[in-house]
Amino acid sequence: MSSGVLMATFDIGRESKGISNDKSVAVRLAEVQKSYVCGEVETRVLQGVDLDIERGLVTVVLGPSGSGKTTLLNMIGGIDRPTRGQIFYGNRDISAMSDAQLTDFRRHEVGFVFQFYNLVPTLTSLENVRVATELVKDPMDPLEALRWVQMDDRAGYFPAQLSGGQQQRVSIARALGKKPTLLLCDEPTGALDAETGKAVLKTLIDLNKQLDTTVVIITHNESVARLGHRIARLGSGVIRSSGVNRKRVGVDEINW
Amino acid sequence: MLAAVVAISAIGVGCLVGMMGTYLNLDRARDAFFARCQMTDFWVSLKQAPEAEVTRLGKLSGVSRLRERIVFPAMVSSAGEPKRGIDPDRPVGALVISMPDVRRAVLDDITLRQGSYFTDRRDNEAIISERFAAAHGLVPGSVIGLILGGQNRTVHVVGTAISAETTYLTPPGAVAPDPEIYGAVWIKRTYAEDVFDLHGACNSVVGSVTPGFKADPRPVMDTVADRLASYGVLSRTPIGEQLSAMTLDTEIGGLRTMGGVLPSIFLLVAALVLNVLMVRMSDQQRTVIGTLKAIGVPGRHIFAHFIAYGLVVGLLGGVLGCALGYVLAGGMTGMYRSFFNFPNLINHAHPALFTIGLLVSTGSAVLGTLYGVRRVRLLTAGEAMRPKPPESAGRIVLERWGAFWKRLGFGWQLVLRNVFRNRVRSAIGLVAAGSGSAIVFAALGMRSSLHHMVDFQFNNVVKSNYELVLHDPVEDSAIDEARRISGISDAEGRLELEGEASFGPARKQAVISGLAPGSVLTVPHDAGEQRLRIPSFGVLMPKRMSEQLGLRVGDRFVFRPSRGEQREHSVFVAGIADSAFGTQTMYTSLDFLSELVGQHNAVTSIQLRGTPDRQQRRAFFRRVRESSEVATFSDIGRQKEQLNEELIQKLGSVTYVMIGFAAVIFLGTILNGALMSLKDRRRELATFRVLGYQPREIGSMLFREIILVNMIGAALGLPLGVALLNGLSDQIANDLFRMMVHVPRINWVMSLMLAFVFTVLAYRVVYALIKRMNVLDALGVKE
Ligand SMILES: Nc1ncnc2c1ncn2[C@@H]1O[C@H](COP(=O)(O)OP(=O)(O)OP(=O)(O)O)[C@@H](O)[C@H]1O
Ligand SMILES: [Mg+2]
């Protein structure tokens, strides 16, 4: 599928760059570059990414494998830094933050959901959630968070006793337990079958709807992208296109 | 991590090879030296016996050879210029021993170091002990003055020498050699006969026994002594009680024990660590192993690979350890050389010891490996190819106490989970921390016990400044005279009776000391530092002797004096006195002892307290030097100094070495454990970082794990430390000296504090690693 077709399908428009005081923008990426230097060779993964992520919406970043999606998400989440360019969270430049400040930013604002769950194997579901809720002043009750993902009946289970989808739901509960303003999901369904994946996605969409959390989902799956309010397409190190998805569908309607 | 295992086993082997090597060096040098000097098996001292009488005893069964000679203590009236700014008037004493006029091999021979043997130029030639010569700047050609037979005489030094029996020559009443105030002087036999008026007679008989009696020469010694009883036997000393032999035995025995204990601890820790390492390695290699098995590589090949790995680690540690040990033995042997000055005390390479070291290190490494990879063999190819299932997910014991568990707080719950989950790792931590704190405790205990001993002795028991032992008993009116000497503020007389104490089959050379009524210069105390009343009936027995003879308060034992009327007396034990030095001296009242021996108003030694005036002290010292009545002189202040120097500093440095060892155990195992834990939990910790935990928050969790395990281990190690300290005390005790175990409360705290400090130090390293951890890389670790 060419970008032209995609533009037609999703009716993607162009936007302006730079700092904005627009209250509706949660994260703004400006001219973000990322390159890895390995000996003599410099691999330029991101070559100037401009992107606005609106508050309270679901943004899907779509791109083929190796296009730099994870790299991008990690920088938004403050676990990696751009080589050049800036990333604003509100009007705070997180690309200029110290390690301690970044940690603090992650602690209070960000929830991460990984492709491979990253649950602590020695802790129960409930405790895995508690690991996160302990971090903030006014967290969600851990059991409540599990209820949210319909895992409250498995609160005392250890990760090894859960299926992949269940583990992913626990990891979502862990992310939302902190009541983050920004939920970053890296291929959340990458390791799951369609049915399980859909359940997980539904949880994310519901979360956005009911808690008004800003959600960023990364995927290489075109169908998943249809769930987003906004779809940004990453390719060759730049945002090829980014636009409002006028034909947004519910989870039940997607297939892959 | 591998380096840590190699280092720990190298240190273990190093300890083993170093200490055992020193032990072998010392043992070998001693045996060679004793053989060369023809060290005898027993010593009998007499008042005076005809030469011919003694010669006849040489034919007694059990006697291999006998030698009769003349031995006297003497004061040195002039002896060159003492070095190191020593008070030139300080009384100096010597043990004067006769030697054949013409060089021939005799029992208790000397080994010349400088100059020559006696010549026929003069009668009054002397050979002096090497250390004494060095301390006084004496060389062949020097002249010294000696009070011999009551007269001040001049002797010409022709040579310097060492001898086996004077290896550890202590001034009277002292515990450590002090060549500045005491040495050995060998003079011609004919000259000795002249000056001591012992023509054709002797006062010392030494002998060696036939091989059958080597183990216990006592019966032979007794036969000889009994035959000479009518000539007044003063003392009988089997080799086991001879000072030089005994001190060497204690020292060498101690080395052997330490050489066994310390390395064992290290090797145990090394084996445990290696074991964990191998378990982990085989877990990591699971899929590789599975794949190899699947393509048909036999299990035993894979197994052999791991064993080879263990072997290499063990060999590496062993070889490094042997090298380290050899160097260590060199240093320690050097230290002993300055202590004992044997001629052949050099550092040998001991191939047998190296072999043992290598065997032990490879053995423990391979055993650790075997245990660790045992499971690899049992795996089927399919099982092995799948990743290892997560650690047994379950609850830990503590969670059964719900109320307690809930009260803990989440942080501690996580900590306890990890501690209990990694049982092996935690157990190793406990064992290591336990042995570490035991060693620290014993080391600190040794230090404070030594200080306590010196304090106990000089603050409580011996309150005099000087002690004079007289050649012959004097009337106790002499005490009043002594009090009037300028430079002396107080004086007390003492009657001392040498003899043998026996109770059932147990026998012991002993001295009963009769103290003046209300004595303030010699004050026996009990273990609780309570002053003991001097009994008017019976004796106060030193603790060690009471243990050796198996006596308790209220018992009666038999005492046979070696002087005067040799009647057996039944003596009552009125109390037990504690003492660190002179563990052979019992105290009683002067009256009781006088009654016992039927010798009234007589004293054999005088305790003096001096005035601080320097001028007066010099005058007093000069008077002692020239006195014809004084056999030996002890300067108590000097003894204390000497003790502090020799004992506390030398043994004190052992303390630091031991604490250093403990530090290595602590740091080594904590670091090793923590690094393994970090590696295992990289992904987990990275997840924590992503969630927003600051490095110090993660650090605090690991710290709590480490501190919990190590402090519990350290606390559990304390009783072990008590046992170790008591063992050490037993090990270094002999008739001269007994370490009074004294552990002030602060030591317990200090041991735990040090454990804490070591733990914190190790944690600093761990924390630096957490801080440096690359979250992205860590997350990238795919399971
Ligand atoms: N630490 C690194 N050093 C060098 N190159 C890196 C590093 N991390 C990522 N890259 C490169 O950056 C590019 C983008 O990687 P990234 O993980 O962001 O891709 P992605 O879009 O998430 O792919 P996927 O869909 O497969 O997860 C890849 O070509 C990768 O090789
Ligand atoms: Mg990716």
Side-chain angles (χ1 to χ4, degrees), chain A residues 34 36 70-71 73-75 77-81 98-136 139 142 156-162 167 171 174-175 177-178 180 184 186 191, chain B residues 386-396 399 402 405-406 408-423 425 677 680-701 705 770-783:
Chain A
K34 181 72 183 179
Y36 293 102
T70 299
T71 308
L73 193 78
N74 286 346
M75 289 190 295
I79 51 178
D80 201 358
R81 292 168 192 279
S98 69
D99 279 347
Q101 286 171 323
L102 275 181
T103 306
D104 211 52
F105 164 67
R106 291 200 297 271
R107 182 180 200 138
H108 293 111
E109 313 293 348
V110 184
F112 265 104
V113 176
F114 299 101
Q115 180 177 355
F116 295 103
Y117 334 128
N118 284 347
L119 294 178
V120 179
T122 54
L123 301 181
T124 61
S125 305
L126 189 68
E127 288 162 345
N128 264 290
V129 178
R130 272 190 83 179
V131 164
T133 55
E134 291 286 320
L135 276 173
V136 290
Y157 284 50
F158 288 90
Q161 299 165 319
L162 300 174
Q167 287 190 54
S171 100
R174 177 176 68 186
K178 293 198 295 185
L184 304 175
D186 190 353
Chain B
R386 256 177 277 133
K388 190 190 174 198
E391 291 163 65
S392 64
R395 291 168 201 288
I396 62 171
E399 291 176 55
W405 183 250
K406 289 214 183 79
L408 276 177
F410 191 57
W412 278 106
Q413 288 177 358
L414 292 191
V415 166
L416 287 172
R417 276 274 173 75
N418 277 316
V419 168
F420 277 80
R421 281 272 160 57
N422 294 297
R423 286 222 187 103
R425 193 179 298 153
S677 165
D680 285 350
R681 288 155 67 187
R682 237 172 101 86
R683 199 188 172 84
E684 178 184 326
L685 297 183
T687 307
F688 276 82
R689 290 285 282 124
V690 170
L691 283 174
Y693 279 84
Q694 296 284 3
R696 82 189 130 69
E697 290 169 320
I698 294 173
S700 129
M701 239 157 44
E705 281 179 41
I770 296 174
K771 250 182 125 166
R772 273 202 351 226
M773 183 172 75
N774 185 324
V775 176
L776 286 175
D777 284 356
L779 281 178
V781 182
K782 297 272 146 53
E783 311 224 291

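The model shown is predicted, which means the values in this text are computed figures rather than measured ones. Only this structure's heavy atoms are used, side chains among them; waters, hydrogens and symmetry mates stay out. We name chains A, B, ... by the order of the sequence lines, and we start the count at 1 in each one.
- In this structure the side chain of B:R417 never reaches within 4.5 angstrom of the side chain of A:T122, judged on heavy atoms.
- Within the 4.5 Å cutoff, the side chain of A:R174 has heavy atoms near those of the A:N118 side chain.
- Proximity to chain B (any heavy atom under 4.5 Å) is restricted, for A:N74, to the side chain, taken from C-beta onward.
- When the salt bridge (charged side-chain N to carboxylate O under 4.0 Å, His left out) test is applied to B:R696, no partner is found at least two apart in sequence or on another chain.
- For B:F688, the part lying under 4.5 angstrom from a heavy atom of chain A is the side chain only.
- Two residues are said to be in side-chain contact when any heavy atoms from C-beta on lie closer than 4.5 Å; B:E697 and A:T103 fail this criterion.
- Neither the backbone nor the side chain of B:R681 has a heavy atom closer than 4.5 Å to any heavy atom of chain A.
- Neither the backbone nor the side chain of B:N774 comes within contact range of chain A, judged by heavy atoms closer than 4.5 Å.
- The shortest distance between side-chain heavy atoms of A:V131 and B:F410 falls below 4.5 Å.
- If you measure heavy-atom distances from A:F114 to chain B, the contacts under 4.5 Å come from the side chain alone.
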